[in-house]
Every structure is written in C-alpha cells, then in structure tokens.
There are 2 protein chains.
Amino acid sequence: MEKNFKKFSTSPQCPIRNVLDRFGDKWSILVILVLGENGTMRFNEINKTIGDVSQKMLTVTLRTLEADGLVARQVFPEIPPRVEYQLTHLGMSLMPHITSLASWADQNIHQIKTSREKFNA
Amino acid sequence: MEKNFKKFSTSPQCPIRNVLDRFGDKWSILVILVLGENGTMRFNEINKTIGDVSQKMLTVTLRTLEADGLVARQVFPEIPPRVEYQLTHLGMSLMPHITSLASWADQNIHQIKTSREKFNA
DNA sequence: CAGTATCCGGATGGATACTG
DNA sequence: CAGTATCCATCCGGATACTG
C-alpha cells in the first residue's frame, strides 16, 4: 500500500489542520450536511432537523461557519424575526466531500460496530 | 442548488453521526492521514510525525481506531518493545475521503482565512 | 520503546432564564 | 422567532512520573 496519495504536511500550523480542526466540534459537519441537503433554512428549522442541538450551540456553530465563509446568514427585518441560512458557494464546494464521508459511514457502520463489540469483549 | 445529494438521516442515533462523531476528536483524522501516507509505522514514529500529540492521547486515539477496526496493531515480543501500526482494509477504504477533505482544505484555506479576518473586523 | 497511572486546568457544551 | 446571557458539569487532553 502507501504513497498513492498526495502528501500533506501534518505540522501543527499547517493549513489542513487549521481547517480540519473546525470539524472537530460537535455540530459543524452536521449543520453543513443539513443545509446542503435542504437548501435555505430558518434557524428553528435547522434546530428541529438536527433535533438534539441546543440553541446556544447552534448559534455558535452557525456564526463560526459564517465567519469561515461557508454559510450565508440573511436577516429579514420583520416581526417576528426571520433569519435564513444557506451554504455559500464555498460551503457547497465542501458538500461532496462531506457526503462522501457520510456515505462511507453509512456503508461501514455495521462493520465498525461489530469490530467495537469484538474489541470490548 | 439542493437535493443533488443522497439524503441522510440526521437523527441523534443515526449511523452517520455515530461514525462522524469519532472524527470529532482532536487526533483521529490526522492519525489516519499519517498512517495512510506512510504505511506501517511505529508508535514513536507517528508521535514524531504529528509532533504535538501527547503520548497519552496518541495511545487513546490508536486504541479507539483499533477498536473501530480502522487500524491494526502488531506487537513484537522484543526488548526493547516494538509495536507497529498500519491501516486495515477498512481504514484504507476511508483514506480517499480523508485526502479529498484535506485537498479541499489545502485549496481553500486562504479564502477561509480571509473570510475570518473580514468577519472579525 | 511503548506504553500506564495520576493529576489537573481549560474548553466544550447543556440547561435555564431572559429579550427585541 | 431568533437569539443573548449566565451558570455550571463534564470531559478532553496536557504534564508529569513511573514501568515492563
């Protein structure tokens, strides 16, 4: 095996780690996945779709994704307020990589679970 | 946009979240990337390659990846001890998805950093 | 060399209450 | 509706010391 892949630096300051660390939080990948699948969504819509994310963490996650330029946030000056979120072009360019990861997870979850059980036996 | 992607459940107990949560820790993706690029490696080799991972966290990460069946651990009964790690077939099947993520990160880090600076200005 | 054991601080993130 | 503010428990993960 080995070395059929492009080599990446793995030093602490490298760009790849800088970005991948972002996905290390609990909700970022999931929010991108949900927005990518559903298009434009309101705050509470995302909240209900994910189900078990707190209001606080959803806000923090969306703000971070907005800061990174992955998600666009549009506020409508209405009462009651309406705020819509959608992936930016950059965010959408990330989607295929996320979905391919999700597909892999979907296809291999059984094997992984079996492996975990064996290991803990 | 939207709905060009296969739909995934996003409920708290879904398989995808079960697997993706694993990548939420600080070192898993990086260890897989390093092993995928270099093939078989000894404990201290991985440690040095990553650079800023503690002995404890590297052990924990490797054990978890082993439990999930992504990494194989082979102990040689020698003094001083030698332990070699490599990706399993399952682990290797994950590699393309990780490297495609890394490539994306590499290509877009500049735009993301620029976006962050604008947002915090 | 490749770990284990222990301690410990800081960050993560949940619950709750409140607001424009 | 879409947040903010605050408090607080947990847990992640680093530092250090020790071992077969």
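Numbered from 1 within each chain, the chains take letters A, B, ... in sequence-line order.
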> Under 3.5 Å, side chain of B/Asn47 to main-chain N/O of B/Phe43, donor-acceptor pair present?
Replying inline: no
> Rounded to whole angstrom units, what separation is found between the CG atom of A/Asp21 and the P atom of C/dA11?
Replying inline: 15 Å
> If you check every side-chain atom of B/Met57, which of C/dG14, C/dC1, D/dG13 has the closest atom?
Replying inline: D/dG13
> What integer distance in Å separates B/Met41:CE from C/dC1:P?
Replying inline: 15 Å
> Who passes salt bridge (charged side-chain N to carboxylate O under 4.0 Å, His left out) against A/Arg73, sequence neighbours left out?
Replying inline: none
> Rounded to the nearest Å, what distance is computed from the CG atom of residue B/Asn44 to the P atom of nucleotide C/dA2?
Replying inline: 5 Å
Tabulated below should be each protein N or O lying under 3.5 Å from an N or O of nucleotides 3-6 of chain D; please produce it.
| from | atom 1 | to | atom 2 | distance (Å) |
| --- | --- | --- | --- | --- |
| D/dG3 | OP1 | A/Arg63 | NH2 | 3.3 |
| D/dG3 | OP1 | A/Arg73 | NE | 3.4 |
| D/dG3 | OP1 | A/Arg73 | NH2 | 2.5 |
| D/dG3 | OP2 | A/Tyr85 | OH | 2.6 |
| D/dG3 | N7 | A/Gln55 | OE1 | 3.1 |
| D/dG3 | N7 | A/Gln55 | NE2 | 2.5 |
| D/dG3 | O6 | A/Gln55 | OE1 | 3.3 |
| D/dT4 | OP1 | A/Arg63 | NH2 | 3.1 |

> Counting side-chain heavy atoms from C-beta on, which of D/dC1, D/dG14, C/dG14 comes nearest to A/Trp27?
Replying inline: C/dG14
>> Heavy-atom nearest nucleotide on DNA chain D for B/Lys26 versus A/Lys48: which residue maps closer to 5'?
In response: A/Lys48
> B/Leu58 has an atom CG; how far is it from atom P of C/dC1, in whole Å?
Replying inline: 14 Å
>> How many whole angstroms separate atom CD1 of B/Ile46 from atom P of C/dA2?
In response: 9 Å
> How far does CG of A/Leu33 sit from CD1 of A/Ile50, to the nearest 0.5 angstrom?
Replying inline: 9.0 Å
> Residues in salt bridge (charged side-chain N to carboxylate O under 4.0 Å, His left out) with B/Glu78, at least two apart?
Replying inline: B/Arg82
>> Using whole Å, what does the distance between atom P of nucleotide C/dC1 and atom CD of B/Glu84 come to?
In response: 14 Å
>> Checking the side chain of B/Ser28 only, and the main-chain atoms of B/Asp25 only, is there a donor and an acceptor separated by less than 3.5 Å?
In response: no
> Taking only residues two or more places apart in sequence, or in another chain, which ones meet A/Ser100 in a side-chain contact (heavy atoms from CB on, under 4.5 Å)?
Replying inline: B/His97
> Can you name the salt bridge (charged side-chain N to carboxylate O under 4.0 Å, His left out) partners of B/Arg42, sequence neighbours left out?
Replying inline: none
> Taking only side-chain nitrogens and oxygens of B/Arg42, does any of them come within less than 4.0 Å of OP1 or OP2 of C/dA2?
Replying inline: yes
>> I'd like to know if the side chain of B/Thr88 reaches the main chain of B/Leu70, judged simply by a donor and an acceptor atom lying under 3.5 Å from each other, with no hydrogens or angles considered.
In response: yes
>> Let me test you: for the helix from C/dC1-D/dG20 to C/dG20-D/dC1, what is the angle between the axes at its two ends (five pairs each), rounded to 10 degrees?
In response: 50°
> How long is the line joining CD1 of B/Ile50 and C1' of D/dG14, in whole Å?
Replying inline: 15 Å
>> Once rounded to the nearest 0.5 Å, what's the spacing between atom CG of A/Asp68 and atom CD1 of B/Ile112?
In response: 5.5 Å
> Could you state the CD-P distance from B/Gln74 to C/dA2, rounded to the nearest angstrom?
Replying inline: 13 Å
